[in-house]
Amino acid sequence: MADIIGIGAAPRRKEDMRFLTGRGNYVADLKRPGLVHGVFVRSPHAHAAIKSIDTTAARALPGVLAVFTGEDLKAANVNGLPCGWGITGKDGQPMKEPPHPALAQGKVRYVGDAVAFVVAETLEQARSAAEAVAVAYDVLPAVVNLTDALKPGAPQLFDEVPNNLCCDWALGDEAATAEAFRKAAHVARIKLVNNRLVGNPMEPRAAVAEYEPATDRYTLWSTSQFPHVVRLLMGLFVLGIPQHKLRVVAPDVGGGFGVKQFHYAEEAVTTWAAAKVRRPIKWVCERSEGFISDAHGRDHVTEAELALDAGGKFLGLRVNTVANLGGYISTFGPNIPTNLYGPLLAGVYLTPAIYCSVKVVFTNTVPVDAYRGAGRPEATFVLERLVDVAANEMGIDKAEIRRINMIPKEAYPYQTPVLVEYDSGDPKGCLEQALIEADWPGFAKRRKASAAKGRLRGIGLSTYVEACGLAPSRIAGRLGARGGLYESATVRVHPTGDVTVLIGTHNHGQGHETTFAQIVSEKLGVPFEKVDIVFGDTDKVQFGMGTYGSRSLVVGGAALSKASDKIILKGKKIAAHLLEATEEDIEFERGMFSIAGTDRKKSFADIALAAYVPHDYPLEVLEPGLEEQAYYDPVNFTYPGGAHVAEVEIDPDTCSVQLVNYTAVDDVGTVINPMIVEGQLHGGIVQGIGQALFEHCVYDEGSGQLLSGSFMDYCMPRADNLPHLKVQTHSTLCTHTPMGVKGCGEVGTIGSPAAVMNAVVDALSVYGVTHVDMPASPNNIWRLIRQSALQRAAE
Ligand code: MCN
């Protein structure tokens, strides 16, 4: 059938027509009868005791319906925001988990911490009233730098958290690693910073909440990547609303990148307040407000060492990281620099002994949580920078040192020394293909040509592995996840043979409405146009865990595949009845049920109709209707991987870096839609390049003010900063997902920062530079070149 568009095809994205024609349905656009507006009053101080909050003047202003503070929430028994994934320290003790009130109580802990919520008839009235809320603060010394936070005498954020240390966590075999270092012929060392980032999705966060007294039901529309989890966390833990009384809808969402994957205070406060004022309330985040209230990403300081034998083989890896949690624990905050970081330090190498220790600390900054890649780019960055340092110090070619240490394809499944077992992969295959595509051997010639123009040219390589498809419950539970992370899909076949899929993942740019329709089209032989994907509404979709950790295809798509299999099974029963054959004799292929070896058949549409019309089925064996639900809990993560090569030119006069070539070869298993995968890889790579070259979240160390709080100061990558990105796949099949698929949504972000920074260091190696911290801004590069010149002058 011509209109089956299945796995491997590249149809245009179904969802794009509504976006391109301005028909997207975003939270900020929602209109409800009687809608009023909410504005948060936020702390201007990084650390202060709240002496008093006087709301009298604000309440007296025209149009103001209410002003709520942390004390009002406390009096109403509203709980703090819960953490969804706890961790345990090396001493066996659970992490310190101080309360995270939805509106500050007693103290503020970062610039942007919400202290009051104003509700008024119009947005302007709410804004004016917010300015009239008088908060008296006793300003306290603040600490924003993560290593300073651990020093004796540092300002303390919580009485119950000595030294601001939330958890001292470790993974791996410390003794075996120490032994490896004792035997080493060479030890390479690096100290590096993984710079703090702000997500900045195109659509800022927003919430609209409504309470219906007649049914005692609440509805929250939120810019969320996981509405069902918000229903669980907010309903069960914060507001105490039973699940059947709370509907959470995340309609079209304009990008998330991790930032919209948490349960935020604004959602809970808006929902609670809507019931108080008995009017629907809308809150829409300003862009500058997003900088100080959206969870941030990364922010690590790491010291790492690699032990090698005389031939360049890796013997052991030791990593000590301090990771910033910010002012409170965000939904997954502690999990990111630990469980999603340590297990990835093996990379694609045969390193026999690894030990990783992470101190997770509170500081007076915006809470830090998952940002595209979440822990895995940080691990790759440490490892791949360190490998380059070792190669340079030992005089081994950078591709060769990787080659001799790589896990051979035949060694899979491969158990790493840090928890995870990779099921499949071919790192060497990816590497060799990337080297050819990037014309690695021709680099010397290109470097010469750049030198003739007065430019410094550098080439950088990075290999990586990712653990995605969050998460196998049996592993996640052991690691502290506080809920099952499986996924559900329902396939509803209509009497016409059209199909509606109800799925618990959330599409906010990843193209699920297209790729999931392709899966159904392939499996059921239904025309692609006849499949609709419904998501993002807890009243429509019974269960879901949402979209993050590149899980939608490998977990949600797998549930969809299973539900489709159940439809085929039932379809066979109906076909057997109609064709007067036994069920075992019925075959199904490309939309046709037939008796094996005969030309007697029924189409999928015939069977769909037969499932609903008057019938003579024996009801004890066959119910009418054609709808099936399936849950899928993966047995392992999936492990995409690959090799990226970046090439830069640096102008030594302006110190600006131009990325001139970029090649990526990635293993994402079976590809459902090559165009969408390419788009995902492009987007991910650019996000990694953004971190490497441009983006940097800077706090003033004295005052704790965010200095890079707008697009005037926080530099996002733009199209004219980028060369054509050459992206290819080199796939091995995942051995445990139904279609052999691996995730692709984050791989670009994981491979690219190290490739770009290795290229920058390579270009600056003429000055004796051995490391550059991200971002490689002209200012940073100028300082390094100048340092080197001063050093040479002194020698
Ligand atoms: N896909 C495919 N074949 C594969 C793998 C994936 O065709 N072998 C398709 C999938 O069917 C899906 C898309 O590629 O349409 C991405 O799939 P997947 O890797 O499962 O990732 P998720 O859909 O779970 O998306 C999450 C991931 C993450 S964690 C972040 S952060 C991120 C990202 O995706 N945020 C994004 N990509 C983004 N893209 C956009 N436009 N906006 C964001 O906010």
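Predicted, not measured: the structure shown is a model, and the values here were computed from it.
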N-O pairing of Glu513 and Arg13 below 4.0 Å: no
Return yes if some donor-acceptor pair links the side-chain N/O of [X] with the main-chain N/O of [Y] below 3.5 Å, else return no.
X      : Y      : result
Arg457 : Glu647 : no
Gln518 : Ile672 : yes
Thr321 : Ala323 : no
Lys398 : Gly460 : no
Thr416 : Glu421 : no
Thr177 : Asp173 : yes
Asp666 : Gly748 : no
Arg403 : Glu432 : no
Ser521 : Ile5   : yes

Side-chain heavy-atom pair [X], [Y] within 4.5 angstrom cut-off:
X      : Y      : answer
Ser462 : Ile750 : no
Pro413 : Tyr639 : no
Leu350 : Asn405 : no
Val491 : Val499 : yes
Val501 : Val531 : yes
Asn661 : Pro723 : no
Ser424 : Lys742 : yes
Ile7   : Thr670 : yes

If we count only N and O atoms by modelled type, under 3.5 Å, do the side chains of [X] and [Y] hold a donor and an acceptor together?
X      : Y      : answer
Asn195 : Glu695 : no
Asp667 : Thr732 : yes
Thr547 : Ser552 : yes
Asn194 : Gln691 : yes
Ser550 : Glu746 : yes
Thr463 : Tyr349 : yes

Distance in Å, [X] [atom1] paired with [Y] [atom2], rounded so as to fall on 0.5 Å steps:
X      : Y      : atom1 : atom2 : answer
Ile519 : Glu522 : CD1   : CD    : 9.5 Å
Ile4   : Lys523 : CD1   : NZ    : 13.5 Å
Leu560 : Ser488 : CG    : OG    : 10.5 Å
Ile689 : Met774 : CD1   : CE    : 12.5 Å
Asp762 : Met757 : CG    : CE    : 12.0 Å
Leu419 : Ile354 : CG    : CD1   : 11.5 Å

At their closest point, which heavy atom of [X] faces which heavy atom of [Y], and how far apart are they?
X      : Y      : answer
Ser731 : Val668 : OG-N, 3.7 Å
Gly429 : His730 : CA-NE2, 3.7 Å
Gly546 : Glu487 : N-OE1, 3.5 Å
Tyr341 : Gly375 : CD1-O, 3.4 Å
Val677 : Val671 : CG2-CG1, 3.7 Å
Pro634 : Val555 : CD-CG1, 3.9 Å

Positive for side chain to side chain contact (heavy atoms under 4.5 Å, CB included) with Leu306, one of Ile190, Val382, Leu315, Leu386: Leu386
Should the pair Lys14 and Phe516 be classed as cation-pi, given the thresholds of under 6.0 Å to the six-membered ring centre and 45° from the axis? no
Working for side-chain contact (heavy atoms from CB on, under 4.5 Å), residues Val348 and Leu431: CA-CA 11 Å; Val348 291; Leu431 175 68; over 6 Å; no
Over 60° means perpendicular and under 30° means parallel, so tell me whether [X] and [Y] are parallel, tilted or perpendicular.
X      : Y      : value
His644 : Tyr464 : perpendicular
Phe543 : Tyr631 : tilted
Phe262 : Phe332 : perpendicular

Steps toward salt bridge (charged side-chain N to carboxylate O under 4.0 Å, His left out) verdict (Arg402, Asp388): CA-CA 9 Å; Arg402 288 173 166 88; Asp388 257 29; 2.9 Å; yes
Does atom NZ of Lys562 have more than 12 heavy-atom neighbours from other groups under 6.0 Å away? yes
Does Gln433 CD have over 12 foreign heavy atoms under 6.0 Å away? yes
Who passes salt bridge (Lys or Arg N to Asp or Glu O under 4.0 Å) against Arg385, sequence neighbours left out? none
Worked check of side chain to side chain donor-acceptor pair (under 3.5 Å) between Thr749 and Tyr371: CA-CA 10 Å; Thr749 322; Tyr371 171 74; over 6 Å; no
Show your working on side-chain contact (heavy atoms from CB on, under 4.5 Å) between Asp397 and Trp440 and close with a plain yes or no. CA-CA 12 Å; Asp397 175 78; Trp440 184 268; 4.2 Å; yes
Residues in side chain to side chain donor-acceptor pair (under 3.5 Å) with Asn339, at least two apart? Asn335
Can you check side-chain contact (heavy atoms from CB on, under 4.5 Å) on Phe381 and Glu378, steps first, answer last? CA-CA 5 Å; Phe381 190 65; Glu378 294 90 310; 5.7 Å; no
Would you sort out whether Leu524 and Ile567 count as a side-chain contact (heavy atoms from CB on, under 4.5 Å), showing the intermediate values? CA-CA 8 Å; Leu524 301 183; Ile567 291 284; 4.0 Å; yes
Stepwise side chain to side chain donor-acceptor pair (under 3.5 Å) check, Gln680 with His682: CA-CA 5 Å; Gln680 285 293 311; His682 274 223; over 6 Å; no
